[in-house]
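As the structure lists them, so they are numbered: ligands from 1, and atoms in each ligand from 1. For clarity, every value in this text was computed on a predicted model and none was experimentally measured.
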Amino acid sequence: MASTTSTSTDRINIAIDGPAGAGKSTIARRVAERLSYVYVDTGAMYRAATWYFGQRGIEPEDEEKLLQMLPDLVIELIPEPDGQRVVINGQDATDEIRSIKVNAKVSRYAQVEGLRSRLVALQRQMALRKGVVMDGRDIGTTVLPDAEVKVFMTASVEERARRRFNEMKEQDQITMEQLIQDMARRDRLDQEREISPLRQAEDAVLLDTTNLNLEEVVNVIISMCRSFVRVRE
Ligand code: DC
């Protein structure tokens, strides 16, 4: 496969938003690899917070307590050849943040305003020097409204559930039907919440990945980058 790199002086930021299971993280990671950019998985940050507060018995409704403890939460996203490790206050929680328990609760924690503003500030800091591919729900609208390339990635709920099922470590504990329902419920919560709901930015390009393979989607995004950066094949 041809390797593609950009020059270091013409870096841009790339925002990839969309519902769960649309393929954002796999695609974002591949785009980052091709451009030698940094990949930031913001969903992992909300998952990390969910796991951390869940472990300590702090419910999202107990906002006062949660915000009191927030300064103690340290999330590290450590890139690895096959993904990333998520370390929370020194403890590796890479698998735990993808558990059914965290899946079930993360949308509720993601509605807590103080938590969102803290994570958004961290995300903006990571993108200050450009050269970042960031995926999430509110990147194009709220976190990086000035990102040069914005993609809103989607796929049918059945296809998204199938992809998420293949990613899960506890497949024997859930049926595809339950996963479709869980995904539709999370979509609804993410779209209906008051602060930074899941929404396509006006200047984002809509990309339906239901019938596209990984390489095709990566290539579409790389070609969108070509108008901003010199991409060497
Ligand atoms: O992409 P994911 O499934 O790992 O995200 C987990 C949850 O975090 C998802 O239900 C919505 C929330 N989230 C968010 O509210 N804002 C983001 N930028 C990223 C994720």
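Neither the backbone nor the side chain of Met45 has any atom closer than 4.0 Å to an atom of ligand 1 (non-hydrogen atoms only). The proximity of Arg193 to ligand 1, defined as any non-hydrogen pair under 4.0 Å, is limited to the side chain. At a heavy-atom distance under 4.0 Å, only side-chain atoms of Arg164, from C-beta outward, approach ligand 1. Contacts of Arg137 with ligand 1, taken as heavy-atom pairs under 4.0 Å, involve both backbone and side chain.
Comment: Arg193 engages Asp190 in a salt bridge, judged by a side-chain N to carboxylate O separation of less than 4.0 angstrom. With salt bridges taken as basic N to acidic carboxylate O contacts below 4.0 Å, one links Lys105 and Glu59. Under the 4.0 Å criterion applied to side-chain N and carboxylate O atoms, Arg98 and Asp41 are assigned as salt-bridge partners. Under the 4.0 Å criterion applied to side-chain N and carboxylate O atoms, Glu158 and Arg162 are not assigned as salt-bridge partners.
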Quiz item: Between Met134 and Asn13, is a side chain to side chain contact (heavy atoms under 4.5 Å, CB included) present by the stated rule, with each step listed?
Solution: CA-CA 8 Å; Met134 192 174 282; Asn13 282 331; over 6 Å; no
Exercise. With salt bridge (Lys or Arg N to Asp or Glu O under 4.0 Å) as the test, would you mind laying out the steps for Glu215 and Arg30 before giving the verdict?
Key: CA-CA 9 Å; Glu215 223 40 55; Arg30 286 292 272 272; 2.7 Å; yes
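Against a heavy-atom cut-off of under 4.0 Å, Ser107 is close to the following atoms of ligand 1: 10 (O). Taking a cut-off of under 4.0 Å to the non-hydrogen atoms of Ala110, the atoms of ligand 1 that pass are 12 (C), 15 (O).
At least one heavy atom of Arg116 sits less than 4.0 Å from an atom of ligand 1.
Residue contacts with ligand 1: Thr42 is placed with a nitrogen or oxygen under 3.5 Å of a nitrogen or oxygen of the ligand (distance criterion only).
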